[in-house]
Amino acid sequence: MNLYKCTAAIGACEKKSNWQGAVRTLREMRQRYLELDAVCYTAAMSACRRGKQPQVAIDLFSDMLQRAVAPSVSSCNAAISAFEWGERWQEAISMLFDMRERQLEPTVVS
């Protein structure tokens with residue numbers, strides 16, 4: 001099991017809205033001491049959003065930051081989307097300001 005195979009597995013889970021499989025794969029990656037990146041987290045967060053689990057996506061974003069994984073524009077967009085689904089508008093707006101502080105340029109999706 002390597003980072004690329006795991007990321008592909010999480011991506012497949014995302015396409016099928018299988019948030020449990022995405023989170024499980026992410027957890028297995030950690031247990032195998034694979035270095036997680038923003039791509040892995042973003043795919044898992046997107047699977048959670050598709051699976052209508054915004055709080056799980058938000059928790060993954062928090063975990064990503066706690067583990068010092070640098071967020072990308074895509075991971076911030078996934079977090080904003082999760083905040084939106086969870087009707088947490090103030091946090092979504094705050095994320096836009098955080099993106100600028102991190103020198104990440106918000107996109108049309110943001």
Side-chain angles (χ1 to χ4, degrees):
M1 180 181 258
N2 65 33
L3 179 65
Y4 300 108
K5 288 181 182 178
C6 291
T7 302
I10 292 171
C13 291
E14 174 192 0
K15 286 184 172 84
K16 295 189 180 230
S17 303
N18 180 1
W19 67 273
Q20 297 102 330
V23 172
R24 183 173 43 253
T25 302
L26 207 61
R27 190 176 310 123
E28 288 172 6
M29 291 172 72
R30 268 187 258 146
Q31 290 171 347
R32 295 175 189 256
Y33 300 103
L34 294 175
E35 188 172 329
L36 303 178
D37 61 10
V39 174
C40 298
Y41 276 102
T42 302
M45 290 167 57
S46 295
C48 292
R49 182 188 51 79
R50 286 179 174 222
K52 298 183 174 131
Q53 298 296 319
Q55 186 57 54
V56 178
I58 293 165
D59 292 344
L60 288 174
F61 188 77
S62 294
D63 183 66
M64 183 176 85
L65 295 179
Q66 288 174 354
R67 294 176 184 276
V69 175
S72 65
V73 170
S74 295
S75 60
C76 290
N77 286 344
I80 289 168
S81 180
F83 287 131
E84 176 188 357
W85 271 84
E87 298 182 10
R88 295 166 64 175
W89 295 102
Q90 290 177 333
E91 290 166 287
I93 292 168
S94 177
M95 177 64 69
L96 288 170
F97 290 107
D98 289 347
M99 287 177 74
R100 296 221 173 175
E101 287 178 11
R102 295 175 190 277
Q103 297 181 356
L104 298 171
E105 191 62 37
T107 64
V108 174
V109 175
S110 306

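Because the structure is a prediction, the values reported are computed rather than measured.
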_Quick one: does any side-chain atom of S17 pair with a main-chain N or O of C13 as donor and acceptor, under 3.5 Å?_
no

Give the table of side-chain donor-acceptor pairs shorter than 3.5 Å for residues 89-99, with sequence neighbours excluded, one pair per line with atom names and distance.
| residue | atom | partner | partner atom | Å |
| --- | --- | --- | --- | --- |
| E91 | OE1 | R88 | NE | 2.5 |
| E91 | OE1 | R88 | NH2 | 3.3 |
| E91 | OE2 | R88 | NH2 | 2.8 |

*Hey, what do you get for CZ (R24) to CD1 (I10), rounding to the nearest 0.5 Å?*
11.0 Å

*Quick one: pull up CD in E14 and CH2 in W19 and give me the separation to the nearest 0.5 Å.*
15.5 Å

*Taking the side chain as C-beta and beyond, is there a heavy-atom pair between R67 and R30 under 4.5 Å?*
yes

*Rounded to the nearest 0.5 Å, how far apart are CZ of R27 and CG of L36?*
12.0 Å

*What about V73 and I80, same hydrophobic cluster or not, with Ile/Leu/Val/Met/Phe/Trp/Tyr joined at side-chain heavy-atom distances under 4.5 Å?*
yes

*When clusters are formed by joining ILVMFWY residues with side-chain heavy atoms under 4.5 Å apart, either directly or through shared neighbours, do L26 and L34 land in the same one?*
yes

Side-chain donor-acceptor distances from residues 38-46 under 3.5 Å, at least two apart:
| residue | atom | partner | partner atom | Å |
| --- | --- | --- | --- | --- |
| Y41 | OH | D63 | OD2 | 2.7 |
| T42 | OG1 | A38 | O | 2.6 |
| T42 | OG1 | S75 | N | 3.4 |
| S46 | OG | T42 | O | 3.0 |

*asked:* Measuring only between side-chain heavy atoms, which start at C-beta, is L104 closer than 4.5 Å to C76?
replied: yes

*Evaluate the side-chain proximity of E35 to M29: yes if any heavy-atom separation is below 4.5 Å, no if none is.*
no

*Quick one: do K16 and R50 satisfy side-chain contact (heavy atoms from CB on, under 4.5 Å)? Show the steps, please.*
CA-CA 8 Å; K16 295 189 180 230; R50 286 179 174 222; over 6 Å; no

*Could you check if a side-chain atom of P54 sits within less than 4.5 angstrom of a side-chain atom of F83, using non-hydrogen atoms only?*
no

*Look up atom CE in M64 and atom CG in D59, then write down how far apart they are to the nearest 0.5 Å.*
13.0 Å

*Quick one: list whatever passes side chain to side chain donor-acceptor pair (under 3.5 Å) with S81, sequence neighbours left out.*
R49

